[in-house]
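Notes follow once the structure below has been shown.
One-based numbering, in listed order, for ligands and for the atoms of each.
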Amino acid sequence: MCGIFGCILKDGTAAPLIHASLKRLEYRGYDSVGIATINNGEIYVKKDQGKIDDVHRILNLDDLPGNIGIGHTRWATHGAPLKVNAHPHTDCTGQIAVVHNGIIENYSELKLELENSGHKFVSKTDTEVIAHLIEETATKDPSLSFTDAVLTAIKGLDGSYAIAVISTREPDKIICARNESPLVLGVGENGVYCASDTPAFLPITNKAIFVNDGELVILSPTGYEIRKVCDSSSVAREPKIIDWTPEMAVKQGYPYFMIKEIHEQPLTLRNTLRLQEHYLDLISTFLDRANEVFLVACGTSYHACLAASYMFSKLAFLPTYPVYASEFVEQHGKSVNIDSTILAVSQSGETADTLAAVTCAQQRAATILGLTNVIGSTLTRVSRVYIGQQSGPEIGVAATKTFTSQLSVLAQLALRLSKKRGKISQDEMDYLEEKLEHLPDVVDTIVKTQEEKVKQIAKKYKDAKIFFFLGRGISTATAYEGRLKLMEIAYVPSIAFPAGESKHGPISLIEQGFPVVFICPKDGAHRTLISNIMEMKARGASILAIVEEDDEEVKKLADDYVEVPKGIPEVLSPIPFAVPLQLLAYYMALERGHNPDTPRNLAKSVTVK
Ligand code: AGP
């Protein structure tokens with residue numbers, strides 16, 4: 001997730017306003033920043049890696065001439081956060097500049113074609129392809145207007161984008177376009193604006209026009225014109241008045257970042273399905289050749305690793321060992337060796353315990369692989385190969401969208417490994433890949449149809465003193481995650497166990513009305529789980545079940561249930577089944593008067609051991 005902004009002013013220079021607007025978009029990404037303006041037929045660019053304030057201190061982002069310009073604040077997905085990869089990106093001539101939020105899926109093929117046509121690339125980003133593609137399109141047909149050159153070029157793009165483009169050919173215009181990534185226009189007294197999100201221009205104007213997928217916009221000193229990319233037909237759309245405060249707008253109207261990020265999961269899961277093939281291949285090759293594989297992480301990321309151990313085993317017949325990073329050195333510090341492979345999973349890429357475990361393994365010549373959400377983090381620098389999960393910044397302290405993204409990446413790795421090892425038929429592969437592709441819609445359905453029910457359940461159990469979370473098989477990981485969420489956000493003491501363990505001790509806690517949450521996908525453990533439900537029910541527990549929508553048997557046994565769409569493959573079930581648990585923690589926190597975004601005693605990234 002990045003932030004783009006563009007403006008055409010009647011009076012005044014564009015750069016200072018672009019700079020201020022990018023500051024208001026900083027929550028969307030902040031590892032690099034850049035501005036491009038046009039003045040007297042020339043494009044001026046200032047950009048660098050680093051936070052906006054730091055880059056401004058060195059380069060003075062306000063000091064660029066011209067009343068028209070574009071800007072970008074970056075969350076790296078393709079290419080480390082380096083100056084060369086910062087936006088805006090230009091074409092060979094320096095007469096076209098582009099800023100982009102999203103992921104161009106076919107950028108490798110396009111880049112190869114353009115390089116074969118003589119284009120010289122300087123960055124590792126997918127975005128730079130857009131600038132050269134517009135240049136190539138305009139060169140091939142000089143009769144095309146700049147607008148039509150952009151329109152033609154974007155038809156060749158696959159993937160998600162919100163772009164803003166300027167060119168010295170038509171120096172009084174900004175062409176922007178949208179496909180999946182958000183884009184909104186602002187109309188004010190002194191100019192017109194385009195941005196990833198309304199906070200960018202809300203202090204200037206509250207008149208906003210929301211751009212839809214497949215639309216292109218021409219911003220000019222006279223205003224804005226919207227066209228459909230497919231047939232260039234004009235679209236009439238009047239501004240809406242935004243009645244949010246800038247603070248509300250940063251949360252897009254949600255009361256807290258946590259609920260915004262829970263709702264963002266369909267989009268982030270789609271982005272996680274657009275990973276760079278060669279990194280997925282490379283990591284799965286390392287895993288395939290590994291003698292022993294440790295999955296090392298903390299907290300929620302550890303739960304993703306625990307789930308992954310079932311995925312790798314069931315799909316690729318690869319034994320992997322999930323280990324709490326804080327215990328790794330004690331548990332394996334002496335035995336880890338050159339034949340060991342560590343897959344470290346860390347949303348922040350900066351968790352001290354995880355990095356300490358990696359350092360220990362590295363000192364004993366183990367192979368280090370990484371999965372993180374922050375390109376340029378320490379974990380990316382110490383890993384032999386890493387994958388960026390492309391979830392965008394997660395502001396809430398509780399990991400929600402980054403957890404489901406981690407699970408999606410790990411499932412993709414397990415599938416790839418299974419194919420590589422010939423452990424799965426093509427039909428099974430096609431079935432699972434189709435189900436994985438469909439998960440964003442499944443999560444969207446859960447959020448849309450079950451949120452109200454979870455809200456009611458939170459009201460009913462808000463005074464509960466303790467919760468059990470139980471699951472079997474891969475759902476054990478989901479149960480652990482549900483427990484962590486409720487503890488860390490609503491401060492409710494919670495216990496999680498593999499359901500089969502209950503009778504080996506924990507069941508002694510059960511008394512009348514004791515809430516027990518069961519994670520109940522209709523998988524191989526379903527029948528046995530029903531026995532566990534009966535055990536608890538017989539002792540007076542209140543049964544809360546997360547069930548598939550057609551699971552009438554468990555619904556009858558449960559005091560309360562939340563439904564997820566049916567037909568989720570067992571190995572993918574933690575992704576949809578986690579969502580009701582995230583919502584439960586969030587609404588329990590609200591019921592108990594806590595701020596879900598800033599839970600007491602916790603930090604977003606635990607950089608101390
Ligand atoms: C999860 O909600 C917590 N914020 C915490 O457990 C977190 O998952 C853990 O600290 C690991 O963080 P990382 O993924 O950035 O390494």
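- Atom 7 (C) of ligand 1 has its closest protein heavy atom at Thr300 N, 4.1 Å.
- Within the set Cys298, Ala297, Pro599, the minimum heavy-atom distance to atom 11 (C) of ligand 1 is found for Cys298.
- Considering backbone and side-chain atoms alike, Ser301 places an N or O below 3.5 Å from some N or O of ligand 1.
- A 6.0 Å sphere centred on NZ of Lys124 holds no more than 12 heavy atoms belonging to other residues, nucleotides or ligands.
- Near Ala398, the atoms of ligand 1 lying under 4.0 angstrom from a non-hydrogen atom of the residue are 2 (O).
- Residue contact check: Lys485 has heavy atoms under 4.0 Å from atoms 1 (C), 2 (O) of ligand 1.
- Within the 4.0 Å heavy-atom shell around ligand 1 one does not find Glu350.
- For Lys251 and Tyr27, the positive end is not near the middle of the six-membered ring at less than 6.0 Å and at most 45° from its axis.
- Protein heavy atom nearest atom 6 (O) of ligand 1, with residue, atom name and distance: Gly299 CA, 3.3 Å.
- With no hydrogens or angles considered, a side-chain donor-acceptor pair links Gln582 and Gln265 at under 3.5 Å.
- Asp523 places a side-chain N or O within donor-acceptor distance of the main-chain N or O of His526, the cut-off being under 3.5 Å.
- The nearest heavy-atom contact from the protein to atom 10 (O) of ligand 1 is Val606 CG2, 3.9 Å.
- Taking any N or O of Val397, backbone or side chain, at least one lies under 3.5 Å from an N or O belonging to ligand 1.
- Inter-residue side-chain proximity for Glu549 and Val564 is flagged as unmet; no heavy-atom pair is nearer than 4.5 Å.
- For Arg57 and Asp54, the salt-bridge test passes: some basic side-chain N is under 4.0 Å from an acidic carboxylate O.
- Judged by the 6.0 Å distance and 45° axis criteria, Arg74 is not positioned over the aromatic ring of Tyr30.
- Glu350 and Ser346 are not linked by any side-chain donor-acceptor pair at a separation below 3.5 angstrom, with hydrogens and angles left out of the test.
- Among all non-hydrogen protein atoms, the one lying nearest atom 2 (O) of ligand 1 is Glu488 OE2, 2.4 Å.
- Of the protein's non-hydrogen atoms, Thr351 OG1, 3.3 Å is the one closest to atom 13 (P) of ligand 1.
- When only modelled atom types and interatomic distance are considered, Gln390 and Ser405 share no side-chain donor-acceptor pair under 3.5 Å.
- Of the polar atoms of Ala399, at least one N or O is found under 3.5 Å from an N or O of ligand 1, judged by distance alone.
- Residue Gln347 has at least one N or O atom closer than 3.5 Å to an N or O atom of ligand 1.
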